[in-house]
Colleague: 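Please find one structure pasted underneath; my questions will follow.
When a ligand or atom number is given, it counts from 1 through the structure's own listing order.
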Amino acid sequence: MQSKSFAKNLIKICSHVERVAISGHKNPDYDSICSCLAMQEILRQNKIAADIILEKPLEPTFAEIVMKNHFVYIPTKQYDAVISVDTPDKKMLPANALELKEKAKYSFALDHHKDHSCYMQKTQLFEGESSACEVIFRTFEPHFTLNKRLSTIFYMGIYADTGGFVYSNTHPTTFEILSKITKFDIKPDEIVQNYFTNIKPQALEMLRRALNSVKFYEDGQIVVSALRFNDFDETKISYGDSKMIVDYTQRIDGVKVAISIFEPEKGDYHVSLRTASPDVDVSLIAKKFNGGGHVRASGMKLVGEYDKALRALINQAKSVLGLKK
Ligand SMILES: [Mn+2]
C-alpha cells in the first residue's frame, strides 16, 4: 500500500508530539541503518527531533558512520510516535523498539520487503523497490533538501541493498535517484572503498578459514561455508568483517543456494543465504526459521547443536530447490 499523503501525515503528526523514535530491523545492515539516518535527517529538516533506537551498540564499521554524526541513541524513555524502516514484521524489530511501539500513540512503517505484515498504523510499502532508502527518498522528496550528508546516506543504503546496483531490484527509478544524489559533492569511489570493498588484514585469514570450510551438497547445488566460534576467537575479527565469504560462494558455477554459517558467540549462529539463480527464492528458507530478507539475499539466527542446525538448513534448501527431503 502506498499513499500520496503518507509523508504529509507523518510530518504533521510528528510535529505535534513530543518524542519521536525511529527503528530499523534486528542485526541491522547498511540499508537499515542508512534509512534510519535518512529518516532522522529529513525530520530534522522539518524541525522534528527524533531518536534512533538500537538494540545494542553498532559494530565498528557501522559505528564509524554514525559516531561522526553523533546521532544514534539507545534510550529507555517513552515515545509518542515510532517509525519503523526496512522491517517487514514486528518480530524483526529490536525488542526495545517493539516495546516502544506498543506504548506509542502513533506508528508508521516504510519498507520495500515483500510480505510486509502491516504491523504499524500506517504503512508505506513499495514492494520490490531497491531499498528502504529509495522508499524514503521517493516518499519524502518534496519535503527535504538534498545535501552532502543525506546524499551519502542514500547512496550507501541503495548501494548495499542492490549489491552495487546489479541485483534484480535495481530499477530505472533507482538510477533516477542516483543521478540526483550524485550531483552533490559525494565521492562514490571513496564511499565504496571505505565501507564496502576495504578488507582488514585479519579478514583475509578469516576468508582463508571460510574457504577451507566449504562443502558441497546435492551435486554442487548447495554450498555451505562456516566460521565457527574458535575462528572468531582466534582471529579476533568481528562478525561484520567476516561476511564477505558469501560473495564468493554464491558465484560458483552450478551453485543455487549458498549458505554461510557464522558463530560469533558459542552456540549462536547467524546464517546468510544467497542465490544468483533467477528461479530460486532463498527468503523461503529464511522464513522457515523465523528469518527474513529478499529473494536473492536472506538471513536468520539459529541456536543449538551445530550438526542439527546444518541438517535442518540443508533440508530446507533441498525443499526450496524441489529436491526430495
Ligand atoms: Mn533493505
Colleague: Which pairs count as ring-ring contact (aromatic ring centres under 6.0 Å, His included) when at least one residue sits in residues 201-232, sequence neighbours excluded?
Modeller: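 Output for this query is empty, none listed.
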Colleague: Between D231 and M206, is any pair of side-chain heavy atoms under 4.5 Å apart?
Modeller: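 Yes, at least one pair of side-chain atoms sits under 4.5 Å.
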Colleague: According to side chain to side chain contact (heavy atoms under 4.5 Å, CB included), who are the partners of T197, at least two apart in sequence or on a separate chain?
Modeller: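 Here the qualifying residues are V192, Q193.
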Colleague: Relative to the Mn ion (ligand 1), which of the N, O or S atoms in D31 is the closest?
Modeller: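 Checking each N, O and S atom of D31, the shortest distance to the Mn ion (ligand 1) belongs to OD2.
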Colleague: Identify, by name, the N, O or S atom of D86 lying closest to the Mn ion (ligand 1).
Modeller: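 Sorting the N, O and S atoms of D86 by distance to the Mn ion (ligand 1) puts OD1 first.
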Colleague: Looking at the Mn ion (ligand 1), is there an N, O or S atom belonging to H112 that lies under 2.8 Å away from it?
Modeller: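 So H112 does bind the Mn ion (ligand 1) by this criterion.
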Colleague: Specify which N/O/S atom of D161 comes nearest to the Mn ion (ligand 1), by atom name.
Modeller: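 Nearest N/O/S atom of D161: OD2.
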Colleague: State, yes or no, whether a side-chain contact exists between N27 and K301 at a heavy-atom distance under 4.5 Å.
Modeller: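 They are in contact (side-chain heavy atoms under 4.5 Å apart), so the answer is yes.
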